[in-house]
K.L.:
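Pasting a structure here, questions to come.
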Amino acid sequence: MASAELALQAGEVVALLGPNGCGKSTLLRTLAGLEPSISGSIVLGEHALCDLTPKQVAQQIAFVPQEEIAAFDFSVEQVVAMGRLARANGLFDTAEDRQAARTAMDRAGCAHLAERSVRQISGGERQRTLIARALAQETAILFLDEPTAHLDPQFQIAIAILIRRLAADGKAVLVAIHDLSIAGIMADRAAVFINGRLSPVQPIQHALQSKTLEAAYGTRFERLQTESGRVVLVPAVT
């Protein structure tokens with residue numbers, strides 16, 4: 001599937017770019033230990049990922065899915081507290097756990113929803129709740145799968161800013177995303193899926209200028225520069 005080397009550093013956001021169905025989510029889940037690796041090697045710190053238990057992995061990597069169906073009528077605070085399972089030796093309702101959940105909700109901007117049912121909040125609020133759950137794990141690495149998909153522009157920007165802040169706090173962040181404009185706001189570096197293979201990682205603005213994107217997405221882009229100097233890609237109409 002992917003043969004290029006992909007390394008994450010603390011304090012940066014790396015984006016996996018490519019059209020829907022190209023393999024971004026599969027790679028992300030494989031790197032998180034949620035799916036078996038077909039080839040290559042995955043190293044987490046000084047250890048091979050395959051040598052670690054699921055709990056050991058969960059203490060180092062937090063994963064935020066693209067979406068999650070709420071099977072039960074849990075409150076937002078209860079969902080966030082579930083992130084403490086990675087740290088718990090038994091019941092995860094200690095004072096430390098409760099404080100970690102509250103801190104995570106504050107950072108993710110969903111503390112005001114603590115008592116609300118996850119079945120009764122908006123898509124943007126639900127995404128913040130899932131990010132807060134991941135933050136409650138207190139990991140150094142954060143993976144996110146299409147965190148802005150299906151959200152209104154205001155929520156997309158809010159999530160992008162939140163992810164930038166988490167990287168500024170020292171987390172290493174890997175995000176699968178197909179929205180190139182949001183990727184330009186969110187990421188420091190990026191790699192592009194093309195024909196089932198991953199391109200070398202490069203600075204995000206170089207990736208957005210690369211002709212590799214046209215090949216990956218099967219379309220030509222016009223590149224516009226904003227007043228802030230950021231490059232925005234628009235599909236060209238031919």
Side-chain angles (χ1 to χ4, degrees), residues 4 6-20 22 24-25 28 64 66-67 106-113 121-132 134-135 141-194 198-238:
L6 176 64
L8 289 180
Q9 302 295 329
E12 72 167 357
V13 180
V14 175
L16 298 175
L17 305 180
N20 291 333
C22 69
K24 300 188 301 296
S25 296
L28 202 65
V64 180
Q66 180 174 341
E67 59 182 356
D106 284 338
R107 293 182 71 191
C110 61
H112 63 292
L113 302 170
I121 58 178
S122 71
E125 292 168 337
R126 191 157 45 248
Q127 195 64 31
R128 285 180 176 274
T129 299
L130 294 177
I131 292 175
L135 296 182
I141 303 170
L142 178 63
F143 290 171
L144 303 103
D145 188 8
E146 299 287 1
T148 61
H150 313 305
L151 299 184
D152 292 337
Q154 69 200 67
F155 288 116
Q156 290 182 328
I157 297 299
I159 294 297
I161 291 172
L162 171 59
I163 291 171
R164 290 293 330 156
R165 288 174 178 165
L166 295 176
D169 288 343
K171 286 189 182 292
V173 182
L174 181 64
V175 54
I177 188 166
H178 73 272
D179 188 316
L180 300 177
S181 296
I182 298 298
I185 298 172
M186 186 186 299
D188 299 296
R189 299 190 296 146
V192 182
F193 264 103
I194 177 169
L198 198 63
S199 73
V201 181
Q202 57 185 312
I204 182 64
Q205 293 303 320
H206 292 179
L208 295 180
Q209 295 281 8
S210 171
K211 291 299 182 182
T212 302
L213 284 178
E214 271 84 355
Y217 284 86
T219 189
R220 188 171 62 85
F221 292 103
E222 295 181 10
R223 291 166 172 80
L224 310 177
Q225 191 169 42
T226 67
E227 293 181 358
S228 64
R230 189 167 54 85
V231 174
V232 176
L233 274 68
V234 179
V237 178
T238 56

K.L.:
Give me the atom names and distance for the closest heavy-atom approach of I194 to A216.
P.N.:
CD1-N, 4.1 Å

K.L.:
How would you list, by chain and number, every residue that makes a side chain to side chain contact (heavy atoms under 4.5 Å, CB included) with A134, sequence neighbours excluded?
P.N.:
A62, V64, L142

K.L.:
Indicate yes or no for a side-chain donor-acceptor contact from S181 to the backbone of V232 under 3.5 Å, with no hydrogens or angles considered.
P.N.:
no

K.L.:
Would you please name every residue forming a ring-ring contact (aromatic ring centres under 6.0 Å, His included) with Y217, sequence neighbours left out?
P.N.:
F221

K.L.:
Check the pair E12 / V14 against side-chain contact (heavy atoms from CB on, under 4.5 Å), numbers first and verdict last.
P.N.:
CA-CA 6 Å; E12 72 167 357; V14 175; 3.5 Å; yes

K.L.:
Using a 4.5 Å cut-off on heavy atoms from C-beta on, say whether the side chain of L198 contacts that of V192.
P.N.:
no

K.L.:
In the structure I gave you, are the side-chain heavy atoms of V175 and M186 within less than 4.5 Å of one another anywhere?
P.N.:
yes

K.L.:
Taking C-beta and beyond as the side chain, do L16 and L6 meet within less than 4.5 Å on heavy atoms?
P.N.:
yes

K.L.:
What is the minimum heavy-atom distance between Q66 and A149, and which atoms define it?
P.N.:
NE2-CB, 3.8 Å

K.L.:
Check step by step if side-chain contact (heavy atoms from CB on, under 4.5 Å) holds for T219 and E214.
P.N.:
CA-CA 5 Å; T219 189; E214 271 84 355; over 6 Å; no

K.L.:
Could you list the residues that satisfy side chain to side chain contact (heavy atoms under 4.5 Å, CB included) with A158, not counting sequence neighbours?
P.N.:
R128

K.L.:
Between L151 and G124, which heavy-atom pair has the shortest distance, and what is it?
P.N.:
CD2-N, 3.5 Å

K.L.:
Would you mind reporting whether I157 and T148 have side-chain heavy atoms less than 4.5 Å apart?
P.N.:
no

K.L.:
Taking C-beta and beyond as the side chain, do I177 and I182 meet within less than 4.5 Å on heavy atoms?
P.N.:
yes

K.L.:
State, with a plain yes or no, whether a side-chain heavy atom of L8 is found less than 4.5 Å away from one of V173.
P.N.:
no

K.L.:
With side chains defined as the heavy atoms from C-beta onward, is the minimum distance between F155 and S122 less than 4.5 Å?
P.N.:
yes

K.L.:
Would you find more than 12 non-hydrogen atoms of other residues, nucleotides or ligands less than 6.0 Å from R223 atom CZ?
P.N.:
yes

K.L.:
Which donor-acceptor pairs under 3.5 Å do side chains of residues 202-210 form with protein atoms, sequence neighbours excluded?
P.N.:
unit_1: S210; atom_1: OG; unit_2: T212; atom_2: N; d: 3.0
unit_1: S210; atom_1: OG; unit_2: T212; atom_2: OG1; d: 3.0

K.L.:
Heavy atoms, side chains only, cut-off 4.5 Å: are P147 and Q127 in contact?
P.N.:
yes

K.L.:
Got a donor-acceptor contact below 3.5 angstrom from the R189 side chain to the A15 backbone?
P.N.:
no

K.L.:
Report the residues that fulfil side chain to side chain contact (heavy atoms under 4.5 Å, CB included) with R164, sequence neighbours left out, ordered by chain and then residue number.
P.N.:
V13, D188

K.L.:
Quick test of your reading: applying salt bridge (charged side-chain N to carboxylate O under 4.0 Å, His left out), list the pairs with at least one residue in residues 143-156, sequence neighbours left out, ordered by first then second residue.
P.N.:
K24-E146

